[in-house]
Amino acid sequence: MGGQHDGALVVRVAARAVDGKATEAALSAVASAFGVRARAVRLVTGTTARTKVLDVDGDDADLAARLETLLGGRQPG
């Protein structure tokens, strides 16, 4: 993960933005960070943009706790 900016999670990947490789890498990184399977993370908007909106399937409370941790908040319990 790359941290946060204006309350949004920043994901940095090494893959180049060619043929969707960077998007795939970002989705995979988010899945790993949230502890879910890759298919649980879907791109909602931003197919060709630097800013993307994702949907992560899972327990809302667990996902919220992980997001707070990733954004620099408390540790998950």
Using every non-hydrogen atom in the two residues, find where [X] and [Y] come nearest and quote the distance to one decimal.
X: Lys21; Y: Arg16; value: CB-O, 3.6 Å
X: Val13; Y: Ala22; value: CG2-O, 3.8 Å
X: Ala15; Y: Ala25; value: CB-CB, 3.9 Å

Next on the checklist: Closer than 3.5 angstrom, by distance alone: can the side chain of Asp59 be matched with the main-chain N or O of Ala61 as a donor-acceptor pair?
Outcome noted: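 Looks like yes, one N/O pair under 3.5 Å.
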Hey, could you give me the [atom1]/[atom2] distance between [X] and [Y], rounded to the nearest 0.5 Å?
X: Leu71; Y: Arg66; atom1: CG; atom2: CZ; result: 13.5 Å
X: Leu63; Y: Glu68; atom1: CG; atom2: CD; result: 13.0 Å
X: Phe34; Y: Leu67; atom1: CZ; atom2: CG; result: 4.5 Å

Next on the checklist: Do Leu54 and Val44 have side chains that approach each other closer than 4.5 Å (heavy atoms only, starting at C-beta)?
Outcome noted: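 SC-SC contact between Leu54 and Val44 ruled out.
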Next on the checklist: Would you say that Val30 contacts Val36 through its side chain, given a criterion of any heavy-atom pair below 4.5 Å between the two side chains?
Outcome noted: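 They are not in contact (no side-chain heavy atoms under 4.5 Å apart), so the answer is no.
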Item to check | Partner residues of Arg42 under the side-chain hydrogen bond (donor to acceptor under 3.5 Å, both in side chains) criterion, sequence neighbours left out | outcome: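 If we apply the side-chain hydrogen bond (donor to acceptor under 3.5 Å, both in side chains) test to Arg42, skipping adjacent residues, the hits are Asp55, Asp57.
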Item to check | Thr23/Lys52 under side chain to side chain contact (heavy atoms under 4.5 Å, CB included): CA gap, chis, key distance, verdict | outcome: CA-CA 9 Å; Thr23 297; Lys52 301 181 183 316; 3.2 Å; yes
